[in-house]
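We count residues from 1, following the sequence as given.
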Amino acid sequence: MNRTELIEAVAARAGSDPAAARRHVDAVFEEIMERVAAGERVLVTGFGTFDRLSRPARTARNPRTGQPVEVPATEAPRFRVGQTFRDRVGRGVPAAEAPAAPVAEEVPVVEEAPVPAPAKGKKAKKGGKAEAPKKKAKASAETPRKGKKAAEPKGKKKKK
């Protein structure tokens, strides 16, 4: 729900026109912000408490460089939920007293074949498939024989 939808819902519940509901919703939000900015606590019984939290200056670390960074003191808004609001969101039933979930019929467990562990090492990097051992190449023009210089393959020349 966004602000416009909230205003429409307030207008419908209060039986007033949306323009009047907008003025009232805006007035409530503005008053809460002004009071908290002035350092006051706004307590709406059953709904929650709006107040200001003071954070002292501290030394933090920049995660990229690891260098210490001075963080100045600051003020931040805080909202703590009231008990009635908490109960309404939790459907009024505390978690300890919540009924247990219905038990489904037992289904026989079918054991599946074990899945092999992923391969490690060079084979894992090549898609996990094992390669057949390479055969020794026969002597050809590409492989030098004793006392003879190997013929250079056509195409790209090797850099030295």
Side-chain angles (χ1 to χ4, degrees), residues 1-13 18-19 21-104 107 109-135 137 142-143 150 152-160:
M1 171 180 275
N2 61 24
R3 189 180 193 117
T4 304
E5 293 168 340
L6 174 65
I7 290 168
E8 290 171 1
V10 168
R13 184 172 286 228
R22 178 179 302 278
R23 286 193 304 271
H24 292 123
V25 168
D26 289 345
V28 168
F29 289 153
E30 283 297 320
E31 194 63 27
I32 290 172
M33 286 189 282
E34 285 177 11
R35 297 295 178 137
V36 172
E40 292 182 41
R41 174 179 290 170
V42 178
L43 172 70
V44 181
T45 305
F47 183 74
T49 305
F50 299 89
D51 60 355
R52 191 161 93 177
L53 178 67
S54 297
R55 293 187 181 148
R58 62 188 174 91
T59 302
R61 293 210 174 271
N62 182 335
R64 287 189 181 174
T65 63
Q67 297 295 320
V69 177
E70 293 299 319
V71 179
T74 185
E75 301 288 328
R78 177 173 62 175
F79 174 73
R80 288 180 289 175
V81 181
Q83 189 64 46
T84 307
F85 189 2
R86 184 177 296 128
D87 290 345
R88 176 83 52 95
V89 170
R91 296 194 177 98
V93 180
E97 298 175 10
V103 179
V107 179
V109 178
V110 178
E111 291 187 26
E112 295 181 17
V115 178
K120 295 183 179 179
K122 292 181 182 178
K123 292 179 183 177
K125 293 179 184 176
K126 295 182 180 180
K129 296 181 181 178
E131 294 180 11
K134 294 182 181 179
K135 295 180 182 178
E142 294 178 13
T143 55
E152 299 253 345
K154 294 180 182 178
K156 294 183 180 178
K157 293 185 178 181
K158 293 182 182 179
K159 293 183 181 179
K160 291 185 180 180

- [ ] Measure across M1 and A9 and return the closest heavy-atom pair with its distance rounded to 0.1 Å.
- [x] CE-CB, 4.2 Å
Task: Of all pairs that satisfy ring pair (Phe, Tyr, Trp, His ring centres under 6.0 Å), the ones with a partner from residues 22-42, not counting sequence neighbours - done: none
- [ ] Applying salt bridge (charged side-chain N to carboxylate O under 4.0 Å, His left out), name anything that partners R3, two or more places apart in sequence or on another chain.
- [x] D26
Open item on the list: Please enumerate all residues that pass salt bridge (charged side-chain N to carboxylate O under 4.0 Å, His left out) together with E40, with sequence neighbours excluded.
Closed with: R35
With sequence neighbours left out, write down each residue that passes side-chain hydrogen bond (donor to acceptor under 3.5 Å, both in side chains) with [X], or none if nothing qualifies.
{"X": "E75", "value": "R52, S54"}
{"X": "T59", "value": "E70"}
{"X": "E30", "value": "none"}

- [ ] Enter the distance from R22:CZ to E8:CD here, rounded to the nearest 0.5 Å.
- [x] 8.5 Å
Task: Interatomic distance, F79 atom CZ to F47 atom CZ [nearest 0.5 angstrom] - done: 4.5 Å
Task: Close side-chain approach of L6 and N2, heavy atoms under 4.5 Å - done: no
Got a sec, which residues hit side chain to side chain contact (heavy atoms under 4.5 Å, CB included) with [X], two or more places apart in sequence or on another chain?
{"X": "R80", "answer": "R41, T49, D51, R78"}
{"X": "Q83", "answer": "R86, D87"}
{"X": "A60", "answer": "R58, V71"}
{"X": "A73", "answer": "A57"}

